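Structure, as structure tokens:
Here the structure is a predicted model, which means the values were calculated and not measured. The sequence lines fix the lettering, A, B, ..., with proteins before strands; numbering per chain opens at 1.
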Amino acid sequence: MNKNESTRPSDFIREIIDEDLRTNKYGGRVHTRFPPEPNGYLHVGHAKSICLNYGIALQYGGLFNLRFDDTNPSKEEIEYVKSIIEDIRWLGADWDDRLFYASDYFEQLYDYAVQLIKKGKAYVDDQSADEIRETRGTLTEPGKESPYRNRSVEENLDLFGRMRAGEFGDGSRVLRAKIDMASGNLNMRDPVMYRILKATHHRTGDKWCIYPMYDFAHGQSDSIEGITHSICTLEFEDHRPLYDWYLNELGIHHPQQIEFARLNLSCTIMSKRKLLQLVEEGHVNGWDDPRMPTISGLRRRGYTPESIRTFCDRIGVAKRDSVVDIALLEHCLREDLNKRTQRVMAVLRPLRVVIDNYPEDQTEELEAVNNPEDPSTGTRKVPFSRVLYVERDDFREDPPKKFFRLAPGREVRLKHAYIIKCESIVKDEKTGEVVELHCTYDPQTKSGGAKAARKVKGTLHWVSASHALEAEVRLYDHLFVKANPEDVEEGSDFKANLNPNSLETLASCWIEPNLTGAKSGDRYQFLRLGYFCVDPDSSNGKLVFNRTVSLYDTWAKIEKAQRKR
RNA sequence: UGGGGCGUCGUCAAGUGGUAAGACACAAGACUUUGGAUCUUGGAUCCCAGGUUCGAAUCCUGGCGCCCCAGCCA
């Protein structure tokens, strides 16, 4: 990420920060954080938050912390903290040595709780979870005060100490803040601060058997770290009064919580719970399945961190619920890949072509530009010979209007090579399927040659049959068929909208020999087809490619329009 | 019938009383040895209704609509 402010849009959060800087609210400091709970993998929605928080720190010359909100040992795992760290690094955010965990603060948090008890602002409640729920009231009715609400400070102190000591069973008691059971804001109706959970924590082990709730841990952790602007999503708006209450009662450094709308993307889902469901029920092949909106999925798919950052900049930051068209993400991807990716030829659905008038034993090394967008990347040699493969889609026995590709009697240019003409076709006797094309080439039309200027309507990519490498190619499409996956019939759920064709595997494709030795993660543009990257499933013997995103396909659009007529 | 938010082009999103940026998508065209890339062109009166004002998307009043909250989850 860079701090190029001219391209960075302003938003209401930066306006608040500008104002705080103007009034010297935090002594000119700007300090943000990203506070993930390690109970799942990060997705693009998190990327938006990371880019926002890190971007602001960078822009204002401030600091950015990574802090795991690990206050619920029953849901959290070390596997998730590892993946989260890896993903944020990959995205390009940098927290220097400020990697923290809410669990680092358990002792301090405990002390804060004791302070509140001493102030008469917190009490131990012996009611069961059910009783607490029942007495919380409803959206329209106030709650009832707990019979234990007015215990003495001494008794509360004693009980809380014994809770920590492990004298009581899970769920038998909680520590509650004493606020207002009649508040219109349910979060203020004596919220639970600590619960008893005899579970092993991935960092603190069995040291604790009481754990702070999010509301009690989050704001105080922000405070301890000296955070100035605590940026979170809209659903925490209702929690801000509580966030403020704890900090005010404790009289400690008071960051400002600011809420923004989380990212929603069309044709996919962002709920961690549902993503987990897709993984566990085998609808996808893991968290890093290239169809997943997870950072690890996007990475494996071939997305660049730059393209994701650009995307996050372009979608803006606001407070209204919104659904961003996934086409924008894909546009940012293509824009980046177009500039940086080497062009290469690959034939996904091969159709054999024999150039009848080309010498049987001859091979030419033709010069091919690596990237027309970046001449400094130079050229490479591509072998040409008598037997080639072209794309099956590039031939039609009975071509429709505006079809500029190969057909009986038609001429076409082979990229970097010659103009060829289709003289005859060979069909499978039984199925009638076209299995081979016989063509002639015009030696005068060699690319770069004297008479190369002759124009033909179409240009095809190709590969020399005897030189090409065989590869597996995985084509991906949107995970869901509807823009809004939740748009389903009564009684059904989002899985009904899963796209049955989101993955198509092509087992034997042919790619130009220059890709020998391509490594996992390497990205290429397959000419006229799209951007592809080498999947980690590749072995020495066989390369496996993921289609990151297709190229804009004007012909497909024309054809679709023709079908409508 | 409680509390908290939000409503500007198909989708995001600027605009902060002076006469509706930009991006994506879409459509049309130019160019092209990737039907790629690139370039040009096109389109919103701002949820509704009143009001204030010379002038309102921006201010006031009243509606309507959408989202979030009743975990000892975050």
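- Contacts of A:T23 classified as side-chain hydrogen bond (donor to acceptor under 3.5 Å, both in side chains), with partners at least two apart in sequence or in another chain: none.
- For the pair A:R334 and A:Y552, the cation sits on the ring face: its NZ or CZ lies under 6.0 Å from the ring centre, inside 45° of the axis.
- Residue contacts shown for A:T138 include a base, since a base heavy atom lies under 4.0 Å away.
- Here the side chain of A:E37 is nearest to one of B:C73, B:G35, B:C12, namely B:C73.
- Among A:I50, A:I85, A:T294, the one residue that satisfies the side-chain contact (heavy atoms from CB on, under 4.5 Å) test with A:L42 is A:I50.
- Set against B:C72, B:G35, B:C69, the side chain of A:I132 has B:C72 as its closest nucleotide.
- Residue A:V174 is classed as a base contact, given a heavy-atom separation below 4.0 Å to a base.
- You'll find that the side chain of A:D69 is closest to B:A74, out of B:U33, B:A74, B:A13.
- RNA chain B is contacted by both A:F403 and A:K48; A:K48 maps to the nucleotide lying nearer its 5′ end (nearest heavy atom per residue).
- Below 30°, between 30° and 60°, or above 60°: for A:Y389 and A:W510 the angle between ring planes is below 30°, a parallel geometry.
- Partners of A:W245 by ring-ring contact (aromatic ring centres under 6.0 Å, His included), not counting sequence neighbours: none found.
- Partners of A:F494 according to the ring-ring contact (aromatic ring centres under 6.0 Å, His included) rule, which considers only residues two or more places apart in sequence or in another chain, do not exist here.
- A:R173 forms a cation-pi arrangement with A:F168, by the criterion of a distance under 6.0 Å to the ring centre and an angle within 45° of the ring axis.
- A close approach under 4.0 Å does not occur between any side-chain nitrogen or oxygen of A:S74 and OP1 or OP2 of B:C73.
- Taking side-chain N and O atoms only, A:R195 has a distance below 4.0 Å to OP1 or OP2 of B:C73.
- The residue A:H461 sits apart from the nucleic acid: no heavy atom pair falls under 4.0 Å.
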Provide a list of protein-nucleic acid N or O atom pairs under 3.5 angstrom, restricted to nucleotides 25-30 of chain B.
{"residue": "B:A25", "atom": "OP1", "partner": "A:Y552", "partner atom": "OH", "Å": "2.5"}

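- No engagement by A:G143 is indicated, since no non-hydrogen atom pair under 4.0 Å with the nucleic acid exists.
- Nucleic acid contact class of A:H218 (heavy atoms, under 4.0 Å, all strands): none.
- Within 4.0 Å of A:K457, counting heavy atoms only, lies no atom of the nucleic acid at all.
- Along RNA chain B, the nucleotide nearest A:T445 and the nucleotide nearest A:K319 are compared for position; the residue whose nucleotide lies closer to the 5' end is A:K319.
- A distance cut-off of 5.5 Å between ring centres, combined with a plane angle under 30°, leaves A:Y214 outside any stacking arrangement with the base of B:A74.
- At a threshold of 4.0 angstrom between heavy atoms, the contacts of A:E259 with the nucleic acid are absent.
- A:M213 comes within contact range of the sugar-phosphate backbone alone, with a heavy-atom separation under 4.0 Å but no base atom that close.
- Candidate nucleotides B:G7, B:G35, B:U16 were compared by shortest atom distance to the side chain of A:R320, and B:G7 ranks first.
- Interface remark: the A:R413 side chain does form a donor-acceptor pair with the B:U33 base, using a distance-only criterion of under 3.5 Å.
- Applying the 4.0 Å criterion to OP1 and OP2 of B:G35, one finds that A:R405 has every side-chain N and O outside that range.
- For A:T377, the side-chain hydrogen bond (donor to acceptor under 3.5 Å, both in side chains) criterion is met by no residue, not counting sequence neighbours.
- Note on A:I558: a base of the nucleic acid sits closer than 4.0 angstrom, heavy atoms only.
- When distances run from any side-chain atom of A:L139 to the nucleotides B:A74, B:A70, B:C12, the shortest one goes to B:A70.
- Contact annotation for A:T71: backbone-only contact, meaning every heavy-atom pair under 4.0 Å involves sugar-phosphate atoms and none involves a base.
- Checking B:G15, B:U34, B:U33 against every side-chain atom of A:E15, the shortest atom distance belongs to B:G15.
- The side-chain hydrogen bond (donor to acceptor under 3.5 Å, both in side chains) check on A:D442 picks up A:R454, with sequence neighbours excluded.
- Counting non-hydrogen atoms under 4.0 angstrom, A:R176 reaches nothing in the nucleic acid.
- Residue A:N72 places its side chain closer to B:A74 than to any other of B:C6, B:G35, B:A74.
- At a threshold of 4.0 angstrom between heavy atoms, the contacts of A:V323 are confined to the sugar-phosphate backbone, with no base atom among them.
- If you check residues 230-238 of chain A against RNA chain B, the residues with a heavy atom closer than 4.0 Å are A:E235, A:F236, A:E237, A:D238, listed by number.
- As judged by a 4.0 angstrom heavy-atom cut-off over every strand, A:Q127 is placed among the base-contacting residues.
- Considering only residues two or more places apart in sequence or on other chains, A:H416 meets the ring-ring contact (aromatic ring centres under 6.0 Å, His included) condition with none of them.
- Between A:R136 and B:G71, a side-chain N or O to OP1/OP2 separation shorter than 4.0 Å is present.
- Remark: A:K198 engages no residue in a side-chain hydrogen bond (donor to acceptor under 3.5 Å, both in side chains) (not counting sequence neighbours).
- Within a 6.0 Å sphere centred on NZ of A:K144, other residues, nucleotides and ligands contribute 12 heavy atoms or fewer.
- Here A:F311 lies out of heavy-atom contact (under 4.0 Å) with every strand.
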